[in-house]
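Since the model is a prediction, treat every value here as computed from it, not as a measurement. When reading the values below, keep in mind they use all heavy atoms of this one structure, side chains included, and skip hydrogens, waters and symmetry mates.
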Amino acid sequence: YDAVGQTLTFGTMSTTGVVRAIVDPSGKAGEILSPATNGACATAQLPYGACNAPNKSNNGVPFDAASALCGAFGYKTGSIVRDSNANPCPQAHAISPNGDKWNSDFINDAGAGMEWKCATFK
């Protein structure tokens, strides 16, 4: 976090690991999510399993996942610094440009975000 530069950089420093995400496909505010045990990948039948964090493709949804993720944190812009093709779980993707709604297609996808940079407070 750099308060003067108004930037936040986060993710993993690993060269082989990925960042995980759990999506809430029902979108019910305040519901308790029960992640899958043993790191099982999410499926349509087990939507609260592990997803890969969003990468540049955003599962083909036509806006930038990094900007949506950073927007949810209160930043104007976001970018993916590093991503990986190292894990076969499905990928989380933004379904709203401001980052308040996320989902997955629950199709295994080796793509995963590893590091993001958010800039400029809203």
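At a threshold of 4.5 Å between side-chain heavy atoms, the hydrophobic network of Ile, Leu, Val, Met, Phe, Trp and Tyr places W116 and V81 in two separate groups. Residues V23 and I80 are members of one and the same hydrophobic cluster, defined by side-chain heavy-atom contacts under 4.5 angstrom among Ile, Leu, Val, Met, Phe, Trp and Tyr. Residue F10 is grouped with residue Y1 when hydrophobic side chains (ILVMFWY) are merged at heavy-atom distances under 4.5 angstrom, including chains of intermediate members.
You'll find the side chain of W102 stays beyond 4.5 Å of the side chain of S96, heavy atoms only. Looking at H93 and P54, their side chains never come closer than 4.5 Å, going by heavy atoms from C-beta outward. Between D109 and P90 there is no side-chain heavy-atom pair separated by less than 4.5 Å. Side chains of N58 and F63 form a contact here, defined as non-hydrogen atoms less than 4.5 Å apart.
When only modelled atom types and interatomic distance are considered, N52 and Q91 share no side-chain donor-acceptor pair under 3.5 Å.
Checked by atom type and distance alone, the side chain of S57 never pairs as donor or acceptor with a backbone atom of G60 at under 3.5 Å. Although no hydrogens or angles enter the test, the distance criterion places no donor-acceptor pair under 3.5 Å between the side chain of D2 and the main chain of T7. With hydrogens and angles disregarded, no donor-acceptor distance shorter than 3.5 Å links the side chain of N59 to the backbone of V61. Remark: side-chain polar atoms of R20 are not paired, donor with acceptor, to backbone N or O of G49 under 3.5 angstrom.
Cysteines C41 and C89: SG-SG separation is under 2.5 Å.
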Using distance only, find each side-chain donor-acceptor pair of residues 65-77 under 3.5 Å and give its atom names and separation, not counting sequence neighbours.
| residue | atom | partner | partner atom | Å |
| --- | --- | --- | --- | --- |
| S67 | OG | D64 | OD2 | 2.9 |
| S67 | OG | G78 | O | 3.4 |
| T77 | OG1 | A119 | O | 3.3 |

Quiz item: For T12 and E115, what are the C-alpha separation, side-chain angles and deciding distance, and is it a side-chain contact (heavy atoms from CB on, under 4.5 Å)?
Solution: CA-CA 6 Å; T12 181; E115 185 178 352; over 6 Å; no
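In this view, N85 and A110 satisfy the side chain to side chain contact (heavy atoms under 4.5 Å, CB included) rule, not counting sequence neighbours.
The distance from the CZ atom of R82 to the NZ atom of K56 is 11.5 Å, given to the nearest 0.5 Å.
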